[in-house]
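To keep things clear, I will list the structure first and then write my remarks on it.
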Amino acid sequence: MNSIKYFFAQSRYNIKNAHALSASFWTGVIGMVLNNLTFFIIWMLFMQATGPINGWTSFDVFGMLGASIFCYGIMHSFFYGIVDLPDNVLKGSFDTVLLSPVNAFLKLSSSSFSITAYGDLLQGVVVMFLYGILSGFSVSSWIFYISGTIAGCVVLVCFRLLGALVAFFMNDSSIISRQLFELFLRPSLYPGAVFPRGLKIFFMTALPTLLTSAVPIYILKGNSAQLLIFTILITLVWVLITYAVFRISIRRYESGNYLR
Amino acid sequence: MIEVKNLKKYFFHKNKKIVAVDDVSFSIKQGESVAFIGPNGAGKSTTIKMLTGIIWPTEGHISVLGISPQDNRKAVVSQVGVVFGQRSSLLPNLPPSDSLKLFGIMYGLNKKETESRIKYLEEQFDLTSFKDQPVRTLSLGQRMRVEIACSIIHNPKILFLDEPSIGLDIIAKKNLRETLAYLRKEHKMTIFLTSHDVGDIEAICDRTIVINHGKVVVDEPTNELYKLVDREKKMVMVGPSLEEVLTDLYKK
Amino acid sequence: MTKWFYYIYIIAKNSFSEKKKIIFQMFNHVFFLVFNLYLYRHVYELVPSVADKLPYANAVWSMSMYFAVFWLGLNGIEKVFRQDILSGNVEIYMLRPISYIWQKILTQLGQGILPFISATVFSVSINYFVVGLPSMNISMPLWIMSLILIFLLSQILITFLYVLCGLSGFWLQNSESMYFVTSKLVMILGGAWVPIAFFPEFLQAIARFSPFGGAMALSFAMYPNFDAHFLSIILNIIFWIAIFAFITYFVSNKTNRKLAVNG
């Protein structure tokens, strides 16, 4: 319980710490919002050229990007410490995580915060809200959309962590960790309509990147409780895998020759 | 307080066995201040990491406050404080009080306890003169005082310090040594220090353990170390400096 | 001149020692290439009319060349500037007898040359064996010579763009937002994820005549009607190189006065 209390306190202080330099904070937030607009523009132009694909319109792509940006915002706001893990392991800073009396994952995750993530969060929430309101969501639609997105957030954190845990098995792995994460992230930035069946199944199970973007829309459009349950089960499987690998990694950890 | 028996740690790198710690034994009582020193690569950091539960020994037994760090690291770390000389845990853009509050939450103190401890530490460590300034604007000496305050907010029984005076000027070092001496005297805090600064060792530590090539080579009161060196090297009037003594010991 | 190549060679040699990193980068590149190929084939099957805008082979070559060039890493120069400015290390580099900007360009080239060559080889090989050559209105030798010219000029332009982004950090403290805006404009107008042939005509014209499109003009060189636009592409790039060279010179002279250590 104390670990969770600490996690939220640290997250609160991270925001406060970032906001203390308010010009830099808001520049970063606005910069990220503009950055994200790119994907809206690209895919709107794409859908304009192709017309609706497999029942998806450009408005569905809008909703998909909202979910994706929200997942990214959650990950980088509350779990950004995972991104720094390879560098921390290299320098031996991971010791400070193990030397605190709170849960190691929560301590690690909240140890850092990305200013620009606040832009992702804000933009994600606004886009998701607009998508729901303009689509005229019913209560069940909201439940499907939000539940699917939450599952996507969890999967994104799992994969970010799995990529970072490479640091416990390889030296100087920050670039490798980033490459692994990009491998996961990139397909999620494509409209869900353009995936052939085989690729769709692959990217929903073995490499479940679509859970962070297109799957909430698949669930919504299909009004499918079965797909939602399937999504939750896949998420649970990956949570268990990530937990196991994290435990193995902690055991394997051997610091460098300085107490850092 | 701290019991170490027949501690060994081997690392394996490309099928080659590296002996980092080789049969180290010592015990430390409550209120003792001990310098744990040695040349680079001697095994100091590895030993300390085993004491705090970061890494596990290959063989041997460790007990810190009656608990095995390997079996229950959280129980150990919730009762010790740790200060790294070159690694800051403070929130850089916020005043020290925010970092202190966060540490209070981390160590499970309630709001009232945290506020009371912060007030006490601000007075005892003279933090009030800069308590509203962001940490990044503080001098190294001021930051180190805040770091130590954060590390003892939960009133630990043992304080581990790694190179706490690195980068500090003479005055800041003096202040740091006085702070640690105060903690020893008033709070009976056990201090376990690693430092390459002989001034720290002389001023703070009653006892010095020297480790080299993974083995304890000396475990004596600090003021008796000079007896261990070659008599010919002693100066007639004032005796060899501690630096000269340690240099000789490292060479052995 | 020889010493600059030698500087790049030393950095590249250091970079080559990190073999695992290069392997992972290339694995990432090939994965994305194949994924893109497969995905766009499906798009062209679902919506056959897009082939009128741009044949499938040309679309694939266009996007893959964008990402191959990306590995050269000159767009990463802004991040290097940002880190140096925020840490204060920029002062150390400015004490050397070679300009700070030039040091960083050479370092980026050294680090990026091997991934770039590997990525290009993979892109060309996979594209050739899967989709064949892009359909072109000009002869192969002429096309290849044009590619080399456009590649060299566009990389000069992209360097100026991102150097300016990085130099903005002397005023903004953190130039990341400038980087976001620039890189995303390059991404859209350079035809990264969606070829610009899919865009409305006016946007295609903006892409072709903007510095952001010019910076990734190699992707336009994969279009069937490339010969009709070759001259305008080249002149566009040269025009923007001249403009940004002047601005960079002016701004870099101002940066010395703005220098402040951020501890």
Side-chain angles (χ1 to χ4, degrees), chain A residues 21 23-54 114-116 119 163 166 170-184 186-187 189-191 193-200 202-203 207, chain C residues 15 17-18 20-32 34-36 38-50 52-54 67 86 111 115 172-189 191-200 203-204 207:
Chain A
L21 301 172
S24 175
F25 180 79
W26 288 111
T27 313
V29 165
I30 291 165
M32 185 46 93
V33 169
L34 292 173
N35 179 68
N36 290 337
L37 276 176
T38 318
F39 291 99
F40 289 94
I41 294 168
I42 287 175
W43 296 122
M44 296 307 139
L45 289 169
F46 174 83
M47 296 298 287
Q48 206 174 50
T50 62
I53 302 179
N54 281 337
S114 163
I115 292 173
T116 53
V166 162
M170 267 186 216
N171 282 336
D172 201 2
S173 58
S174 59
I175 289 173
I176 293 170
S177 169
R178 202 165 58 236
Q179 292 298 316
L180 287 172
F181 181 64
E182 274 184 30
L183 210 66
F184 173 81
R186 265 186 180 174
L189 299 170
Y190 283 77
V194 303
F195 284 80
R197 187 180 161 76
L199 220 49
K200 207 186 283 187
F202 178 78
F203 285 123
L207 194 69
Chain C
S15 173
S17 67
E18 298 170 316
K20 270 186 203 149
K21 182 181 103 185
I22 298 176
I23 290 169
F24 269 93
Q25 285 173 327
M26 289 307 107
F27 178 76
N28 200 337
H29 179 70
V30 169
F31 178 89
F32 189 61
V34 171
F35 165 76
N36 213 35
Y38 193 25
L39 203 76
Y40 268 88
R41 191 174 73 178
H42 185 65
V43 169
Y44 275 74
E45 282 168 6
L46 284 173
V47 190
S49 59
V50 294
D52 299 333
K53 294 184 190 290
L54 188 68
F67 287 110
L86 287 175
Q111 286 172 348
L172 302 174
Q173 285 266 317
N174 190 337
S175 55
E176 200 174 12
S177 48
M178 288 293 293
Y179 170 77
F180 280 151
V181 172
T182 306
S183 64
K184 291 323 180 248
L185 283 169
V186 169
M187 197 165 126
I188 299 172
L189 298 174
W193 294 53
V194 176
I196 64 154
F198 283 37
F199 296 177
L203 214 47
Q204 289 187 43

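All chains are named by letter (A, B, ...) in the order of the sequence lines, taking the proteins before the strands, and each is independently numbered beginning at 1.
- Here A/Phe181 pairs with nothing under the ring pair (Phe, Tyr, Trp, His ring centres under 6.0 Å) rule; sequence neighbours left out.
- Your options are A/Ile53, A/Leu34, A/Leu199, A/Leu180, and the one with the most heavy-atom pairs under 4.5 Å with chain C is A/Leu199.
- Considering every non-hydrogen atom in both C/Ser177 and A/Gly31, the closest pair reads CB-CA, 4.0 Å.
- In this structure the side chain of A/Leu45 reaches within 4.5 angstrom of the side chain of C/Pro200, judged on heavy atoms.
- Across C/Lys20, C/Glu176, C/Arg41, the residue that shares the most heavy-atom pairs under 4.5 angstrom with chain A is C/Lys20.
- Within the 4.5 Å cutoff, no side-chain heavy atoms of C/Phe24 are placed close to those of A/Arg178.
- Across C/Val43, C/Leu39, C/Val50, the residue that shares the most heavy-atom pairs under 4.5 angstrom with chain A is C/Leu39.
- With a threshold of 4.5 angstrom between heavy atoms, A/Asn54 approaches chain C through side-chain atoms but not through N, CA, C or O.
- In this structure, the portions of C/Gln25 lying under 4.5 Å from any heavy atom of chain A include both its backbone and its side chain.
- Considering NZ of C/Lys21 and CD1 of A/Ile175, their distance stands at 4.0 Å, rounded to 0.5 Å.
- At a 4.5 Å heavy-atom cutoff, the contact between C/Leu46 and chain A is made by side-chain atoms alone.
- For the pair A/Phe195 and C/His42, the minimum side-chain heavy-atom distance is 4.5 Å or more.
- The CD1 atom of C/Ile188 sits 8.5 Å away from atom CG of A/Leu37, with the distance rounded to the nearest 0.5 Å.
- If you measure heavy-atom distances from A/Met32 to chain C, the contacts under 4.5 Å come from both the backbone and the side chain.
- Contact annotation for C/Leu203: only side-chain heavy atoms (C-beta onward) come within less than 4.5 Å of a heavy atom of chain A.
- Using a 4.5 Å cut-off between heavy atoms, A/Phe184 makes no contact with chain C at all.
- For A/Ser173, no part lies near chain C; criterion is any non-hydrogen pair under 4.5 Å.
- To the nearest 0.5 Å, the span separating CD1 on A/Ile176 from CG on C/Asn28 amounts to 11.5 Å.
- Of the two parts of A/Ile42, the backbone and the side chain both hold a non-hydrogen atom closer than 4.5 Å to a non-hydrogen atom of chain C.
- With a 4.5 angstrom heavy-atom cutoff, C/Lys53 touches chain A only via side-chain atoms.
- For a residue to count as touching a neighbouring chain, one of its non-hydrogen atoms must lie under 4.5 Å from one of that chain's; by this rule C/Tyr40 touches chain A with the side chain only.
- The CZ atom of C/Phe180 lies 11.5 Å from the OG1 atom of A/Thr27; values are rounded to the nearest 0.5 Å.
- Scanning for ring pair (Phe, Tyr, Trp, His ring centres under 6.0 Å) contacts around A/Tyr190 gives A/Trp43, C/Phe35, C/Trp193, with sequence neighbours left out.
- Side-chain contact check for C/Phe27 versus A/Leu183: some heavy-atom pair is nearer than 4.5 Å.
- Residues A/Thr50 and C/Val47 approach most closely at O-CG1, 3.5 Å, considering heavy atoms.
- Both the backbone and the side chain of C/Phe198 come within contact range of chain A, each with at least one heavy atom under 4.5 Å from a heavy atom of that chain.
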